[in-house]
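Working notes, structure below.
Values below: every heavy atom of this structure, side chains too, minus hydrogens, waters and symmetry copies. Along the sequence shown, residues carry numbers from 1.
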Amino acid sequence: MMLRRKLYLGALIGAILFLLIAAHTIQKASVVPITALPTALPRDVRIPMENKTPLQTVITDSRRVVPGHSCNCSHNCIADKGVSEWFDQRYDHKQQPYLTGRNDDIDPLSLKWWLSLQSSDGMIKDVTQKMFKIIPPPPEDKMPWQRPCRTCAVVGNSGNLLRSKYGALIDSHSFVIRMNKAVTVGFEEDVGNRTTHHFMYPESAIDLRPDVHLVLLPFKLKDMQWLSSALSTGEIKMTYMRVKNRVEADKDKVIVVNPAFFKYTHDKWTERHGRYPSTGIVAIMFALHLCDEVSVFGYGADKQGNWHHYWEYNRYAGAFRKTGVHNADFETEIIQRLNKEGKIKLHR
């Protein structure tokens, strides 16, 4: 009996020792030297969810282990927090830059401010409903974490672009934003020839290629009414001046800047200097909410201090600085500060 107990106890101790040695071996084998770890983890991992469509997926991203990192770019992203306190106090990532056709697109305070800028006839709801029967609402960005690094070139019309040779650099960006009467033919070496988004309003309208987004910056309700007309019947020929009654543009690519975003730019960025912001500063703000990196070209005076367009021979033409409606000096300070804070790259 005593011998049987000793044999049983010996077997039990042997089994325990075997299990301890095996566990230690497995734990040791699972330790990988730091130098053997991969230098980069997979960017996006999709986890399918039951009873969900392919668009309704959970996306986990290795970049989220970096506090505040918000895009796939190799450098700091615009929306990254903690880089610039000045920027963080002004930038609101929740702002919707363009109208989507929803009833809550424009808050009442923003609408009241916007309608007061210029006289308008009609009801905003009726005007937008008619507009979105002619143009489709823009598609939503369903998977923003899955996108590659988005780079924007915002190209102003300053004479300082002449002899700059920025053309190839401008065209290398994901998106190229131009505005108003911008001319590229004959100036390709300095300004490039690609355009993905073109900002305009009725008084500055031009025809666009089918692959270009027409971005309407409405300063008044009449501007939205004009857009509907210019893409259909052509009945509106006058605002406060004669305008193009028809515009060649791809209806499926039309974007209308949200008046609430216009007010956000006025309140947070230009700090209510001037009666309302210029097309140029709104285009930069639009880019800051569209892209992960933004480069700015063709803003400000030329080297001789003249404010004019690069395609005009008259150096005093297009004297934006003297309009009185916008505060060009303050807007220039904001652009320079954005550059200083590393949120844009300003090319002079």
Exercise. Under the ring pair (Phe, Tyr, Trp, His ring centres under 6.0 Å) rule, collect the residues that match up with Y201, sequence neighbours excluded.
Key: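 For Y201 the ring pair (Phe, Tyr, Trp, His ring centres under 6.0 Å) partners, ignoring immediate neighbours, are F219.
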Quiz prompt | Partner set under ring pair (Phe, Tyr, Trp, His ring centres under 6.0 Å) for Y240, not counting sequence neighbours | solution =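 So Y240 forms no ring pair (Phe, Tyr, Trp, His ring centres under 6.0 Å) with any residue.
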Quiz item: Taking the six-membered ring for Trp, is the centroid-to-centroid distance between H289 and Y264 below 6.0 Å?
Solution: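 Yes - the distance between ring centres of H289 and Y264 falls below the 6.0 Å cut-off.
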Do you know which two heavy atoms are closest between [X] and [Y], and how far apart they sit?
| X | Y | result |
| --- | --- | --- |
| I134 | K251 | O-CD, 3.8 Å |
| P259 | W113 | O-CZ3, 4.3 Å |
| T151 | C291 | C-SG, 3.7 Å |
| A283 | M179 | CB-CE, 3.8 Å |

Quiz item: Can you list the residues that meet the side-chain hydrogen bond (donor to acceptor under 3.5 Å, both in side chains) rule with H173, with sequence neighbours excluded?
Solution: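 If we apply the side-chain hydrogen bond (donor to acceptor under 3.5 Å, both in side chains) test to H173, skipping adjacent residues, the hits are S295.
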Practice problem: Taking side-chain hydrogen bond (donor to acceptor under 3.5 Å, both in side chains) as the test, write out the residues that go with W114, two or more places apart. | Solution: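 For W114 there are no side-chain hydrogen bond (donor to acceptor under 3.5 Å, both in side chains) partners, ignoring immediate neighbours.
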Solution key, residues 340-348 side-chain donor-acceptor pairs under 3.5 Å, sequence neighbours excluded:
| from | atom 1 | to | atom 2 | distance (Å) |
| --- | --- | --- | --- | --- |
| E341 | OE1 | S84 | OG | 2.7 |
| E341 | OE2 | R337 | NE | 2.7 |
| E341 | OE2 | R337 | NH2 | 3.2 |
| K343 | NZ | I78 | O | 2.9 |
| K343 | NZ | D80 | O | 3.1 |

Practice problem: Flag the pair P277 / F262 as yes when at least one side-chain heavy-atom distance between them is below 4.5 Å, and no otherwise. | Solution: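 Touching, per the 4.5 Å side-chain cut-off.
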Practice problem: Look at the SG atom of C71 and the SG atom of C77, then say if they are under 2.5 Å from each other. | Solution: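 Answer is yes: C77 pairs with C71 in a disulfide.
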Quiz item: With sequence neighbours left out, what residues match K244 under salt bridge (charged side-chain N to carboxylate O under 4.0 Å, His left out)?
Solution: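 Checked K244 against salt bridge (charged side-chain N to carboxylate O under 4.0 Å, His left out); matches are D207.
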